[in-house]
Amino acid sequence: MSKRIIVTGATGLIGRKLVNALIQKGDNVVVFSRSVNKARSIFPNSLELVEWDYLKPELWKSKLENSDAVVHLAGINLFAKRWNDDFKKEVIRSREASTRNLVEAIRCCSNKPEVFISASGIGYYGDCGEAVLDETSPKGNDFLADVCDVWESEAQKVSEVGIRNVQVRTGLVLSPEDGVLKQMLLPFKLYIGGPLGNGRQWWSWLHIDDIVDIYLYALDNSQLQGSLNAASPNPVRMKEFANSFGKILKRPSLFPVPKFVLKLVVGEAAEVVTASQKIDVQKLLNDGYRFKFEKLNDALSNLLIG
């Protein structure tokens, strides 16, 4: 049966593919976007588009009436600028205020959605070395951990009006279109690729198709709620990731990029790729989800060769 689903952040990497997957399922998707023109260039004209200024809920909150679900992916790209105090505040505000205003708007609905699914990240845990991290593991003490904590705290408030909610703590999403995979392609093609940082950190990755399917799974499975780790069940060390990447491209992986060099290039954001996070996804597996791509080589082959 067709559902009416609100999606914010629909023009991002995950959002684009999720919206198209929902349309293929036959759902009625309503896109909340800060740029309707950009959204219209990406999605079919038949899609309902809503101009979304998250600081002005009075302009859009009526659109939440009679929806079955809200998927909240919106937030300023962490790598849009070099991190400084002003940009960090902007990153937090884009997630905190938008989530708070969505939740408050849902509270006011006469016919409320059944589920609210919000993005988060494995950055919640901070840099944890060899520790295995499940959803009960404590919050880290760095900037990204604070971002995720604020984000999730606002999202969880929707439970106060009896709405099921899921916070998807997403690992490193692999796609040649954007993100870490795209950034690594050029140096490897130029024969100067290699591991980032010391290479010993755990990378909890997942294929773009799996993160989209996890959102679809979370929408349809009424028993699933709360924080949810979303990563492959087989994390690898960064050095192994780089070696596999090189083999698929038939390139060497001989030129490590030390952390201090990464910091010179991207600043504090270097912490994202040098942090060690060994993510446990048993909650998702126990609920019944089955990954399309469990092994790194299979995922990279699919993405880089097809």
Side-chain angles (χ1 to χ4, degrees), residues 10-25 41-43 73 77-79 119 121-122 168-217 229-257 261-262 265-266 269-270 272-279 281 284-285 289-306:
T11 59
L13 175 65
I14 297 172
R16 293 194 303 271
K17 293 187 178 294
L18 177 61
V19 166
N20 287 327
L22 289 168
I23 292 171
Q24 288 177 3
K25 279 182 60 185
S41 70
I42 294 172
F43 300 115
L73 304 174
N77 187 333
L78 289 170
F79 302 102
I122 60 172
V168 183
R169 293 177 179 169
T170 307
L172 292 160
V173 176
L174 303 186
S175 168
E177 296 176 25
D178 203 357
V180 67
L181 209 62
K182 182 179 179 181
Q183 297 302 316
M184 290 178 69
L185 273 171
L186 181 59
F188 270 89
K189 286 183 176 179
L190 295 175
Y191 291 86
I192 55 173
L196 306 177
N198 62 28
R200 295 191 297 273
Q201 71 270 32
W202 286 101
W203 262 29
S204 291
W205 60 273
L206 77 166
H207 191 290
I208 180 65
D209 289 354
D210 271 312
I211 187 58
V212 170
D213 282 354
I214 288 168
Y215 272 98
L216 296 174
Y217 189 84
N229 285 344
S232 160
N234 296 292
V236 298
R237 294 191 189 273
M238 206 293 122
K239 186 175 181 179
E240 181 184 344
F241 185 97
N243 287 339
S244 296
F245 193 86
K247 286 179 181 177
I248 297 295
L249 293 176
K250 295 182 171 55
R251 299 290 195 276
S253 178
L254 300 174
F255 299 93
V257 184
V261 174
L262 285 170
V265 176
V266 297
V272 177
V273 294
T274 57
S276 182
Q277 293 157 333
K278 192 176 185 182
I279 299 299
V281 293
L284 185 58
L285 294 172
Y289 182 76
R290 294 296 174 261
F291 283 82
K292 286 182 177 178
F293 297 94
E294 290 193 4
K295 301 293 186 181
L296 179 63
N297 281 344
D298 293 340
L300 290 177
S301 295
N302 173 265
L303 293 165
L304 299 174
I305 300 175

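Just so it is clear, the structure is predicted and the values come from calculations on it, not from any experiment.
The two residues S253 and A242 have their closest heavy-atom pair at OG-CB, 3.4 Å. Counting all heavy atoms, side chain and backbone alike, M184 lies closest to F245 at O-CE2, 3.8 Å. The shortest heavy-atom contact between G197 and L262 is N-CD1, 4.0 Å. Contact detail for P233 and V281: the closest heavy-atom pair is CA-CG2, 3.7 Å. K182 and E177 make their closest contact through CD-O, 3.3 Å (heavy atoms, listed as atom of the first residue, atom of the second, distance). For A21 against L216, the heavy-atom pair with the smallest separation is CB-CD1, 4.0 Å.
For the atom pair NZ (K17) and CG (D209), the distance works out to 7.0 Å, reported to the nearest 0.5 Å. For the atom pair NZ of K295 and NE2 of H207, the computed distance is 16.0 Å after rounding to the nearest 0.5 Å. If you take CH2 on W205 and CD on Q277, they are separated by 16.0 Å, rounding to the nearest 0.5 Å. Here S204 contributes atom OG and K278 contributes atom NZ; the two are 9.0 Å apart, rounded to the nearest 0.5 Å. From Q201, atom CD reaches atom CZ of F241 across 11.0 Å, with rounding to the nearest 0.5 Å. The line from CG of L172 to CD1 of I122 is 5.0 Å long, rounded to the nearest 0.5 Å.
Here the side chains of L296 and W203 are not in contact, with every heavy-atom distance at 4.5 Å or above. At least one side-chain heavy atom of I192 sits less than 4.5 Å from a side-chain heavy atom of P187. Within the 4.5 Å cutoff, the side chain of F291 has no heavy atoms near those of the D213 side chain. Looking at N20 and V212, their side chains never come closer than 4.5 Å, going by heavy atoms from C-beta outward. Using a 4.5 Å cut-off on side-chain heavy atoms (C-beta onward), V272 and V180 make no contact. Looking at heavy atoms from C-beta onward, L303 lies out of side-chain contact with I248 at the 4.5 angstrom threshold. Taking the side chain as every heavy atom from C-beta outward, L206 and I214 approach each other to under 4.5 Å. Side chains of L304 and F188 form no contact here, defined as non-hydrogen atoms less than 4.5 Å apart.
Residue-environment remark: NZ (K25) exceeds the threshold of 12 foreign heavy atoms within 6.0 Å.
Using a distance-only test at 3.5 Å, with no hydrogens or angles considered, a donor-acceptor pair links the side chain of R290 to the main chain of L285. A donor-acceptor distance shorter than 3.5 angstrom exists from the side chain of S232 to the backbone of E294, with no hydrogens or angles considered. A donor-acceptor contact shorter than 3.5 Å links the side chain of R16 to the backbone of T11. Remark: the backbone N or O of F293 is paired with a side-chain donor or acceptor of D210 at under 3.5 angstrom. Under the 3.5 Å distance criterion, the side-chain polar atoms of R251 are left unmatched by any main-chain donor or acceptor of Y191.
The aromatic rings of Y217 and Y289 sit perpendicular to each other, their planes meeting at more than 60°, with 30° as the lower class boundary.
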